[in-house]
Amino acid sequence: MSSSEAMVSDIIWMWRALELAKLAHDAGDVPVGSIVVKNGEVLGTGYNQREVLSDPTAHAEVIAVREAAKTLEQWRLDGATLYVTLEPCAMCAGAIVNSRLERLVFGAKDPKGGACGSLFNVPVDPRINHRVSVTSGILENESIELLQFFFGEKRKIAKDMKASKEK
């Protein structure tokens, strides 16, 4: 596959991840979506479900990786790519490395919690026994807009609640 074909493929899969992120938004969770793909086949999908499941580990990436491992009936996801709309946190970066994914592709950077280039760089840390190729910035603006919309709604609700209490 040429580099331009790979870029088009990355964009197509990232659109799918954004669709999943909207499901998280609709459920009242931070809109992050994720999909694991190998040889053009979807192995697993996920979106943030921390609020719905009351589970701090129910991040989009962890859910997608678990589903992919179940699909393959093995924990090693060699040759697979994980697409996610937001740079993974330390927990998710660890899951990505430990599942032996080949590639990580993400949209928006997370300067406050990202562990794939922003705060830490877990996937390429030479002290770890497996490294993951990382591509960032795919549909970055679309990913950022969805996150900003979500947090803007949250701030508006909080402001409205505060104003109604003051009356």
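Start at 1 with the first residue, then count along the sequence.
Panel note: side chain Asn48, backbone Val30; a donor-acceptor pair is recorded below 3.5 Å. Although no hydrogens or angles enter the test, the distance criterion places a donor-acceptor pair under 3.5 Å between the side chain of Asp125 and the main chain of Arg127. Panel note: side chain Lys22, backbone Gly33; no donor-acceptor pair is recorded below 3.5 Å.
Hydrophobic clustering of Ile, Leu, Val, Met, Phe, Trp and Tyr side chains at less than 4.5 Å, counting indirect connections, keeps Val105 apart from Val124. Taken together through direct or relayed side-chain contacts under 4.5 Å among Ile, Leu, Val, Met, Phe, Trp and Tyr, Val84 and Leu147 form part of one hydrophobic cluster. Taking hydrophobic clusters as Ile, Leu, Val, Met, Phe, Trp and Tyr residues chained together by side-chain heavy-atom distances below 4.5 Å, Trp15 shares a cluster with Leu146. Under a hydrophobic clustering in which Ile, Leu, Val, Met, Phe, Trp and Tyr are joined whenever their side-chain heavy atoms come within less than 4.5 Å, directly or via other members, Tyr83 and Leu86 fall into different clusters. Hydrophobic clustering of Ile, Leu, Val, Met, Phe, Trp and Tyr side chains at less than 4.5 Å, counting indirect connections, keeps Leu139 apart from Ile12.
Residue pairs meeting the salt bridge (Lys or Arg N to Asp or Glu O under 4.0 Å) criterion with at least one partner in residues 50-70, sequence neighbours excluded, are Asp29-Arg50.
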| Yes or no on side chain to side chain contact (heavy atoms under 4.5 Å, CB included) for Val65 and Leu101, after CA distance, side-chain angles and deciding distance? | CA-CA 9 Å; Val65 164; Leu101 282 156; 4.1 Å; yes
| request: Might you work through the side chain to side chain contact (heavy atoms under 4.5 Å, CB included) test for Leu23 and Leu20, ending with a clear yes or no? | output: CA-CA 5 Å; Leu23 295 175; Leu20 291 162; 4.0 Å; yes
| request: Show your reasoning for whether side chain to side chain contact (heavy atoms under 4.5 Å, CB included) applies to Val134 and Phe106. | output: CA-CA 8 Å; Val134 178; Phe106 69 86; 3.7 Å; yes
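Just one residue in the list Val42, Leu43, Val36 forms a side chain to side chain contact (heavy atoms under 4.5 Å, CB included) with Thr71, and that residue is Leu43. Screening Lys112, Glu87, Lys109 against Ser118 for a side chain to side chain donor-acceptor pair (under 3.5 Å) leaves a single residue, Glu87.
Atom CG of Asn141 and atom CD1 of Ile138 lie 11.5 Å apart (nearest 0.5 Å). Phe150 CZ to Asp26 CG: the interatomic distance, rounded to the nearest 0.5 Å, is 10.5 Å. From His130, atom NE2 reaches atom CG of Asp78 across 7.0 Å, with rounding to the nearest 0.5 Å. Annotation: the span from Ser9 atom OG to Met14 atom CE amounts to 11.0 Å, rounded to 0.5 Å. Taking CG of Leu104 as the start and OG1 of Thr81 as the end, the distance is 9.0 Å to the nearest 0.5 Å. Taking CZ of Arg16 as the start and CD of Glu19 as the end, the distance is 6.5 Å to the nearest 0.5 Å.
Side-chain contact between Lys38 and Leu77 is absent, with no heavy atoms from C-beta onward closer than 4.5 Å. You'll find the side chain of Ile63 stays beyond 4.5 Å of the side chain of Tyr47, heavy atoms only.
Using the six-membered ring where Trp is involved, His25 and Phe149 have ring planes that are tilted, between 30° and 60° apart.
Residues Ser34 and Leu82 share a closest heavy-atom pair of OG-CD1, 3.3 Å. Looking at every heavy atom in both residues, Leu119 comes nearest to Pro111 through CD2-O, 3.4 Å. Summarising the geometry of Trp75 relative to Asn98, their closest heavy-atom pair is CZ3-O, 3.0 Å, with the distance given to 0.1 Å. Summarising the geometry of Gly107 relative to Ser143, their closest heavy-atom pair is CA-OG, 3.9 Å, with the distance given to 0.1 Å. Nearest approach of Pro31 to Thr85, heavy atoms of both residues: O-OG1, 3.9 Å. Residues Ala95 and Val62 come closest through the heavy atom pair CB-CG2, 4.5 Å.
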